[in-house]
Protein chains: 2
Amino acid sequence: MHTFKQPECNSCGSRVSTCLIELSTNQVEEIAQQKHSQLFTRNSYVFAEGQYPRGIYCIHKGHVKISKMGADGREHIISFAGTGNIVGYGTLLAAEKYNVSCVAVQDSSICLIPSEIFFRNVRENPAMALHVMHDISLELRATNQRIVELTHKPIRERVAEALLIIKEAFGLDADGMTLRSPLTREEIASIVGTAPESVIRTLSEFKSENLIATNGRTIQLVNMRALVHIANIRD
Amino acid sequence: MHTFKQPECNSCGSRVSTCLIELSTNQVEEIAQQKHSQLFTRNSYVFAEGQYPRGIYCIHKGHVKISKMGADGREHIISFAGTGNIVGYGTLLAAEKYNVSCVAVQDSSICLIPSEIFFRNVRENPAMALHVMHDISLELRATNQRIVELTHKPIRERVAEALLIIKEAFGLDADGMTLRSPLTREEIASIVGTAPESVIRTLSEFKSENLIATNGRTIQLVNMRALVHIANIRD
DNA sequence: CTGCGAGCCTGACATTTGTCAGTATGCTAC
DNA sequence: GTAGCATACTGACAAATGTCAGGCTCGCAG
């Protein structure tokens, strides 16, 4: 978690995949000078529930989970973000303490862009403001979607969906079926919103139905079509 | 649902309780000329899942629910909005179809402010843009909070919390305990994310513990302190 | 290579919640 | 006022899920 050779904003993929694409070369240069870059090892906190935000976090390389403690003391994973994503502007814009935590699930290189310069750009650049609004609105949509899925789908459907979520977030190996995921069964349970045992049981079911194959922590999606069907996705 | 005498924007409470407070008198006047006002009776749709947005909706008087169909065909109520609130900017900004519905739960008078003028003001007025971002971010926070509550709290806690949510949204009668709510038990179930029977059972429990009193659809919060405790709220 | 610990997995069981069937009550339209 | 319908309520039961206890396996440190 110490500082190291800072990534270059100009050649960074995040510049073109986020609201930062709306900025001029000069404005990007200014950010490049003010940003702080860090390496986060697996399971280390980028920010934690209850802290005050100091800026937005731009993921140069790696993956993080956005999670939140439940009343029962169990973690719930709300979403993932990876290389080329920005996290944390919601809380900054709400002018509140974080109500979620952000934790690296892989060793990740992440840059902090201080609040002040972010707000200045938002104020002075309507295109950037609209881009930010657009992104937050998409997040809100996804979260609304998630509410009804978690509330109204049985575990089997939610586990199937979790596998697809993991696939979206982390991708597949060259074989086109092995999940590139560092997640434990317990973390998968935190996506599904259930106990690890229930996840494991459901995965065993899928295995015996030849929908997936497992090898230790590794999971292969053997019959993706069937999984999509089980997940019962509409939108 | 027919047009009627349009509310006056200048004397409207929504002007000062929403992002519209950032606008000049002239800009408000322009909105006043372009808005469309309607009366919506209980259970009529302001907008529905799958439709394309045509603007933002400003609630002049009344209450609406924001809800979404679950995969099991059961409605889930995500939130409420009432007099002085604006709904629907999320979807407009995301440039997508609505993924939620907005339905009047009381007879309500609601004004549609067309997209074009809303976007123009957001683009030209950074204070308004920031206000909108702030509001959406707060919504996102609330939704995240809701996810873990629905996923990790038992029904008893969720029903207690639903009563408090209803109190926040609709308020109390002069006696300081009777909920001013038009909601059926089934709608309460749609907040809690469960079957109506489970809600009724839990309410009966509360009743026998002297935490609430009921009379038909009407509910009185007799021991609010205890309900807050049961709801197990943290933030 | 060997021992140890984290994390994966399974089975038995308790609890919670959903479902179904049926009755009671209260509101609305006539 | 009253008939009829929607909604509130209750009990019995079935199903889904959580909990607990224990065994297994993999990967790593020594």
Side-chain angles (χ1 to χ4, degrees), chain A residues 41-43 70-76 105 148-163 166 179 181-209 212-220 230 232, chain B residues 41-43 70-76 105-107 148-163 166 179 181-209 212-220 230 232:
Chain A
T41 55
R42 165 152 171 93
N43 285 332
D72 57 357
R74 199 177 276 171
E75 174 189 45
H76 187 90
V105 292
V148 305
E149 283 165 354
L150 287 167
T151 310
H152 294 283
K153 283 186 180 177
I155 289 208
R156 187 177 156 87
E157 298 184 16
R158 304 212 305 267
V159 170
E161 190 166 11
L163 293 176
I166 293 169
L179 285 178
S181 149
L183 303 178
T184 64
R185 297 291 185 263
E186 182 153 21
E187 283 176 302
I188 297 177
S190 299
I191 303 172
V192 174
T194 185
E197 291 93 332
S198 295
V199 169
I200 290 169
R201 244 184 278 284
T202 308
L203 289 178
S204 301
E205 253 178 63
F206 288 166
K207 213 161 137 183
S208 75
E209 297 168 41
I212 65 170
T214 69
N215 178 12
R217 173 170 311 188
T218 310
I219 299 175
Q220 299 183 315
I230 291 171
N232 191 12
Chain B
T41 55
R42 165 152 170 93
N43 285 333
D72 56 356
R74 201 177 274 172
E75 174 190 44
H76 187 92
V105 292
Q106 296 173 331
D107 295 357
V148 304
E149 282 164 355
L150 287 167
T151 311
H152 294 284
K153 283 185 180 177
I155 289 207
R156 188 177 157 87
E157 297 183 16
R158 304 213 303 268
V159 170
E161 189 165 12
L163 293 177
I166 293 170
L179 285 178
S181 150
L183 303 179
T184 64
R185 296 292 184 265
E186 182 154 21
E187 284 177 302
I188 298 177
S190 298
I191 304 172
V192 173
T194 185
E197 292 93 331
S198 295
V199 169
I200 290 170
R201 243 184 280 283
T202 309
L203 289 177
S204 301
E205 253 178 63
F206 288 167
K207 214 161 136 182
S208 75
E209 297 168 40
I212 66 170
T214 70
N215 178 13
R217 175 171 308 188
T218 309
I219 299 175
Q220 299 184 314
I230 290 171
N232 191 11

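Please read these numbers as outputs of a predicted model, since none were measured by experiment. In what follows, chains carry the letters A, B, and so on, assigned in the order in which the sequence lines appear, proteins first and then strands, with residues in each chain numbered from 1.
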Nearest to side-chain heavy atoms of [X], which nucleotide of [options]:
| X | options | result |
| --- | --- | --- |
| B:I155 | C:dT17, C:dT19, D:dT19 | C:dT17 |
| B:R201 | D:dA8, C:dG18, D:dT17 | C:dG18 |
| A:T214 | C:dC8, C:dC9, C:dG18 | C:dC9 |
| A:P154 | C:dG18, D:dA8, D:dT17 | D:dT17 |
| B:R185 | D:dT19, D:dC9, C:dC8 | D:dC9 |
| B:E197 | C:dC20, C:dG18, D:dT17 | C:dC20 |

For the pair made of [atom1] in [X] and [atom2] in [N], what is the distance, rounded to whole Å?
| X | N | atom1 | atom2 | result |
| --- | --- | --- | --- | --- |
| A:R217 | D:dC28 | CZ | P | 10 Å |
| A:I200 | D:dG23 | CD1 | C1' | 13 Å |
| A:I219 | C:dG7 | CD1 | P | 15 Å |
| A:E187 | C:dC8 | CD | C1' | 14 Å |
| B:H152 | C:dT16 | NE2 | C1' | 16 Å |
| B:L203 | D:dT7 | CG | P | 16 Å |
| B:E157 | C:dT17 | CD | P | 10 Å |
| B:K153 | C:dT17 | NZ | C1' | 18 Å |

Exercise. Flag the pair B:T214 / B:Q220 as yes when at least one side-chain heavy-atom distance between them is below 4.5 Å, and no otherwise.
Key: no

Quiz item: Any donor-acceptor pair under 3.5 Å linking the side chain of A:K153 with the backbone of A:E161?
Solution: no

Quiz item: Are the side chain of B:R42 and the backbone N or O of B:V105 linked by a donor-acceptor pair below 3.5 Å?
Solution: yes

Quiz item: Is the phosphate of D:dA6, meaning OP1 or OP2, less than 4.0 Å from a side-chain N or O of B:T184?
Solution: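 No, B:T184 has no side-chain N/O under 4.0 Å of OP1/OP2 on D:dA6.
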
Quiz prompt | Crowding at CD, A:E209 (>12 non-hydrogen neighbours, <6.0 Å) | solution = yes

Quiz item: Just checking B:R156: base, sugar-phosphate only, or nothing, at a heavy-atom cut-off of under 4.0 Å?
Solution: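 No contact.
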
Practice problem: Please tell me which of A:N215 and A:S198 maps to the more 5' nucleotide of DNA chain D, matching each residue to the nucleotide holding its nearest heavy atom. | Solution: A:S198

Quiz item: Does the side chain to side chain contact (heavy atoms under 4.5 Å, CB included) test come out yes or no for A:R185 and A:I219, once each step is laid out?
Solution: CA-CA 11 Å; A:R185 297 291 185 263; A:I219 299 175; 3.7 Å; yes

